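Letters go in sequence order (proteins before strands), and every chain restarts at 1. This one's a predicted model, so the numbers in the text were calculated from it and none came from an experiment.
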Amino acid sequence: MVWNDEKIDRLKKLWADGLTTGEIGKEIGVSKNAVVGKAHRLGLKGRPSPIKRTQKEAKPEPKIRSVVDLSAHTCRWPIGDPREPGFHFCGKPTTPGKPYCAEHASIAYVSSNRSSKDEDAA
DNA sequence: CCCTGATTCGC
DNA sequence: GCGAATCAGG
C-alpha cells in the first residue's frame with residue numbers, strides 16, 4: 001500500500017467527514033486497519049468511540065530492597081533464607097528504638113530467657 | 001455477534 | 001512506514 005498525497009488527502013477528508021474506518025477503507029480501497037493505522041500515524045484523532053485501551057502488562061520494577069534501604073522504623077526481621085531468592089525483611093513498623101516490630105521483637109528477645117525454675121534446678 | 005477505534009507486532 | 005493482528009468497548 002502506497003500512501004500518496006491523494007490517498008492521504010482522501011483519508012483525511014473522509015476521516016474529517018465523519019466516516020468510520022470501515023467506510024473510509026471501502027472508499028479508498030484499503031482495510032479499516034490500514035485506515036486507522038495511517039490515521040494514527042498521521043496524528044488524526046478519532047472523535048467517536050473514545051475507547052481507551054487498558055494499560056498493557058509492563059511493570060519493570062524489580063526493586064530489591066536491601067537492609068540499608070529499610071528505615072529506622074522498619075522491621076529488619078529476615079524472612080526466609082538470605083541465600084534463597086525471594087528473601088526479604090519483615091518491613092513492618094517497629095517499636096521505637098527496636099530494630100524489629102513488636103511481633104518479631106518478642107521472638108528476637110526471648111533468647112536465653114531462662115525462667116527462675118531453670119536456675120533453681122541448676 | 002458485529003460494529004467501532006487504538007495499540008501492538010511482524011514485515 | 002505499512003497493515004494485519006490483537007485488544008478493548010459499544
Point to revise | Phosphate-side-chain proximity, A/Thr20 and B/dT4, N/O vs OP1/OP2 below 4.0 Å | key: yes
Practice item. Take atom CZ of A/Arg41 and atom C1' of C/dG1, then tell me their distance rounded to the nearest Å. Key: 6 Å
**Study point:** Same apolar cluster: A/Leu42 and A/Ile24, side chain cutoff 4.5 Å
**Key:** yes
Review point. Whole-Å distance between B/dG5 P and A/Leu42 CG?
Key: 15 Å
Review point. Can you check whether A/Trp3 has a side-chain N or O nearer than 4.0 Å to OP1 or OP2 of C/dG3?
Key: yes
Review point. Taking atom C1' of B/dG5 as reference, at what distance in whole Å does atom CD of A/Glu23 sit?
Key: 14 Å
Revision key, fill the gap. Atom NZ of A/Lys32 and atom P of B/dA6 are separated, to the nearest Å, by 10 Å
Review point. Is the shortest side-chain N/O distance from A/His40 to OP1 or OP2 of B/dG5 below 4.0 Å?
Key: no
Review point. Rounded to the nearest Å, what distance is computed from the CG atom of residue A/Asn33 to the P atom of nucleotide C/dA8?
Key: 16 Å
Practice item. Output yes when at least one side-chain N/O atom of A/Lys38 is less than 4.0 Å from OP1 or OP2 of C/dC2, else no. Key: yes
Practice item. Report the relative orientation of the aromatic rings in A/His104 and A/Trp77; use parallel for angles under 30°, tilted for 30 to 60°, perpendicular for over 60°. Key: parallel
Review point. Any idea which of C/dA4, C/dA8, B/dT4 is nearest the A/Arg53 side chain?
Key: C/dA8
Review point. To the nearest angstrom, how far is A/Leu19 atom CG from B/dT4 atom P?
Key: 11 Å
Review point. C/dC2 P sits how many Å from A/Ile8 CD1, rounded?
Key: 7 Å
**Study point:** Side chains of A/Lys38 and A/Leu11 in contact at under 4.5 Å (non-hydrogen atoms)
**Key:** yes
Exercise for review: Taking the side chain as every heavy atom from C-beta outward, state whether A/Val30 and A/Met1 have any atom pair closer than 4.5 Å.
Suggested key: yes
